[in-house]
Protein chains: 2
Amino acid sequence: MGAAGALVVYRFQMDENSSPLRWLGDRLEMLDQRLLPRRIDWISFTDAASVASAITTMVVRGAPAIGVAAAYGLALEARLAVMRGTPVRDALVPAAEILRRSRPTAVNLAWAVDRMMRAFDGLESLEPAAIAERLAAEACAIHAEDIEGNKRMGAFGAGLLPASSTVLTHCNAGALATGGYGTALGVIRAARDAGKTIAVFADETRPYLQGSRLTAWELQRDGIDVTVITDSMAGHFFSKGTFDAVIVGADRIAANGDAANKIGTYAVAVLANAHGVPFYVAAPLSTIDPDCATGAAIPIEERSANEVVETRGIGPDGKAASVVTAPDGVRVRHPAFDVTPARLITAIVTERGVLRPPYDAAIAALFQEKR
Amino acid sequence: MGAAGALVVYRFQMDENSSPLRWLGDRLEMLDQRLLPRRIDWISFTDAASVASAITTMVVRGAPAIGVAAAYGLALEARLAVMRGTPVRDALVPAAEILRRSRPTAVNLAWAVDRMMRAFDGLESLEPAAIAERLAAEACAIHAEDIEGNKRMGAFGAGLLPASSTVLTHCNAGALATGGYGTALGVIRAARDAGKTIAVFADETRPYLQGSRLTAWELQRDGIDVTVITDSMAGHFFSKGTFDAVIVGADRIAANGDAANKIGTYAVAVLANAHGVPFYVAAPLSTIDPDCATGAAIPIEERSANEVVETRGIGPDGKAASVVTAPDGVRVRHPAFDVTPARLITAIVTERGVLRPPYDAAIAALFQEKR
């Protein structure tokens, strides 16, 4: 444990309203999103494999948030190597692989792992303790930049929403899904802070209920008007003219603008299109994958049947509980994401500005500029 | 109780796979659909107010089934009047009102109550015991005709499905939703019995989960290939070309063909239309309301927020349980039905044949013929 004492402790901690992740120098704490909204439990992590497992089991979810978590996972692994006195590379290479594979659809995971490994490549001549410190600093930078990016995204996106509007969102693309502040909900926060009156309808987002459990909780605590509906109700409210806009996040955006996001997003986009309601995607550049030509190349995760037929929540005794809602042995499908084609997306809000169709040109320009 | 002995006992009982209702002469038994698929509990009813309450609380649901239940409710009330020695009319008139109001959207309820009251009007000169007997016989006739109608509907509708096809359905329009056999699922049964290979995808149908709890259970027991998906997944499978057809039931069809059905049906119809997949509605004539010119005139029931934020099912101990899945005090909307406009409906399957657009003419012709 002597070596650990040589490590400078970089801390990165926001209050629990603002980020689902806290870096405490010697450990990462994550808000257990499986227990929200009824329990606020923080779990500590000190190695990459546990972080990867938390990503797979959805303790933490949301494309940008799992990217930040993976970066911290590598920082933890470097720290462990220093404490064990083993080569940092030997620890990082397999850890990077485990983190990369923890979930397939969100590209932010690979993006964050790649960025950490590139940083490591530039540090390998340093002392192991210095490498671990610099990797921790890099993970904190990824976290901080994500939040800053979301705030810029909010400022760009707020102008898209009418001064008084009702906005539909699907899943949770809020503070909980990111380093903090949120992508889609960041735009809503920024619009509210700019003096607009925004009411939000949150699809509950089966099967994991990110809408009713997370988005409703997060917006309620932030004083933003929120109404929960089942996913199946969105069509009815579209037909009644309730919505002025739809705004969602994304897990991976292809080079042509096709966007993978939580299952059910595509149906919302089809409904928005059928009713002439603008459909916006808010996501950072780290969600855009220029190596995917179209949405057809985006891997769609198939999760377990259990998550569909067994609903978790809080029982009458206030404790976490679950109930089964289908007959034993019934066949179930559970694609966790779907792809919304670019033609159904009115605009993509990024931290570098609002992209408009044709997205292939807009995205290519953005990545050229970036280099 | 002497008067009760004078009553002839008309029985109407199918096995539990086939009908959610059993008429045992002195009582009505209903399968408690709130506990399916894990518990098969039959509840006994001996008066109309309890039947009305069971309709409101969804012990029994499905437009044709609640119509049959209401008819039996009036038969029970007539029987009670005979046993009490009070005028049958004094019992029936308020009972009819209570039953009529037990749920607002399905017109079959009013249709069955009206038919029973018309029958009563023609019987009033008889002895009270004879009136009660004839009303019980009338309710049994409504029940039997519903099943026969569903079988004819199945024979007409089976021709619409390709020899080997995958069909999406929403909610439960099966034996459980009717006197027996089912409307939409009746068509699927008839197609299967005609030698076709039909695989069914069942939307789970939030919030009450009629798809995962009832349709999956009913089809599984009938040996029909069924896959449960969340409502939010239908769009994804449409985009993959999974479905050859959609078939659903209805709670009320307006004179122009607009059809109210379980919330979420409209979104499925929009998706079917966007993907060029035929969208069929199967419903008996008792579901058509010629007094509603269009869907805009159909009353849409708004049910309680609790049904959205609290999911019932079976706990790990095998007992009925529920879990809460949203923060306390959050605003919730719960329209229980939506309206699919006639333009999105490829055909309406009735027990008198398959109707094609323009529906106003087809429906008018059917009702003219009927008179």
Side-chain angles (χ1 to χ4, degrees), chain A residues 37-38 170 201 203-207 209 212-213 216-217 220 225-239 262-271 273-274 300 308-316 321-335 337-339, chain B residues 37-38 170 201 203-207 209 212-213 216-217 220 225-239 262-271 273-274 300 305 308-316 321-335 338-339:
Chain A
R38 292 303 174 93
H170 188 76
F201 271 56
D203 275 351
E204 67 175 3
T205 316
R206 284 279 295 149
L209 299 165
S212 57
R213 294 194 306 104
W217 181 75
Q220 201 182 37
D225 181 349
V226 59
T227 300
V228 171
I229 57 172
T230 64
D231 307 317
S232 60
M233 291 172 194
H236 173 75
F237 289 105
F238 270 112
S239 79
K262 181 49 55 194
I263 188 73
T265 302
Y266 170 62
V268 173
V270 170
L271 285 164
N273 187 250
I300 298 295
V308 172
V309 300
E310 191 170 345
T311 299
R312 290 155 167 270
I314 298 297
S322 65
V323 294
V324 172
T325 56
D328 283 338
V330 74
R331 184 178 303 126
V332 173
R333 287 293 308 273
H334 182 188
F337 301 91
D338 58 27
V339 173
Chain B
R38 293 301 175 95
H170 187 77
F201 271 56
D203 275 350
E204 67 175 3
T205 316
R206 284 278 296 151
L209 298 165
S212 57
R213 294 195 306 105
W217 181 75
Q220 201 182 37
D225 181 348
V226 60
T227 299
V228 170
I229 57 172
T230 64
D231 306 318
S232 59
M233 291 171 194
H236 173 75
F237 289 105
F238 271 112
S239 78
K262 180 51 55 194
I263 190 73
T265 302
Y266 171 62
V268 173
V270 169
L271 285 164
N273 187 251
I300 299 296
V308 173
V309 300
E310 193 170 344
T311 299
R312 289 154 165 274
I314 298 297
S322 66
V323 293
V324 172
T325 56
D328 282 338
V330 74
R331 185 179 299 125
V332 173
R333 287 293 307 274
H334 183 189
D338 59 27
V339 174

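A note on names: the letters A, B, ... follow the listed sequences, proteins ahead of strands, and every chain is numbered from 1.
Only the side chain of A/A274 comes within contact range of chain B, with heavy atoms under 4.5 Å apart. Contact of A/N273 with chain B is not made at all, since no heavy-atom distance falls under 4.5 Å. For A/E310, no part lies near chain B; criterion is any non-hydrogen pair under 4.5 Å.
The candidate with the highest count of non-hydrogen atom pairs below 4.5 Å against chain B, out of A/L271, A/V270, A/V324, is A/V324. Your options are B/D203, B/T227, B/T230, and the one with the most heavy-atom pairs under 4.5 Å with chain A is B/T227. Taking chain B as the reference chain and counting heavy-atom pairs below 4.5 Å, the highest number among A/H334, A/R312, A/E204, A/K262 is found for A/E204. Contacts with chain A were tallied for B/V226, B/T325, B/T205; B/T325 has the most, counting heavy-atom pairs under 4.5 Å. Each of B/L209, B/D231, B/I229, B/V330 has some count of heavy-atom pairs under 4.5 Å with chain A, and the biggest count is that of B/V330.
A/V308 approaches B/V228 most closely through the heavy-atom pair CG1-CG1, 4.4 Å. Looking at every heavy atom in both residues, B/S212 comes nearest to A/P327 through O-CD, 3.0 Å. In this structure, B/S322 and A/P316 approach most closely via the heavy-atom pair O-CD, 3.7 Å. Residue A/M233 comes nearest to B/P335 through the heavy atom pair SD-CD, 3.6 Å, listed as atom of the first residue, atom of the second, then distance. Here the closest heavy-atom approach between residue A/V323 and residue B/T311 is recorded as CG2-O, 3.8 Å. The two residues B/P37 and A/A326 make their nearest non-hydrogen contact at CG-C, 3.5 Å.
With hydrogens and angles ignored, the 3.5 Å screen pairs a side-chain donor or acceptor of B/Q220 with a backbone N or O of A/D328.
Applying the ring pair (Phe, Tyr, Trp, His ring centres under 6.0 Å) rule to B/F238 yields the partners B/F243, B/H275; only residues at least two apart in sequence or on another chain are considered. For A/V339, the side-chain contact (heavy atoms from CB on, under 4.5 Å) partners are A/D258, A/A260, A/I300, not counting sequence neighbours.
Considering CG of A/D338 and CZ of B/F237, their distance stands at 10.0 Å, rounded to 0.5 Å. Taken to the nearest 0.5 Å, the CZ atom of A/R333 stands 6.0 Å off from the CZ atom of B/F201. Separating the NE2 atom in B/H236 from the OG1 atom in A/T265 is a distance of 12.0 Å, to the nearest 0.5 Å.
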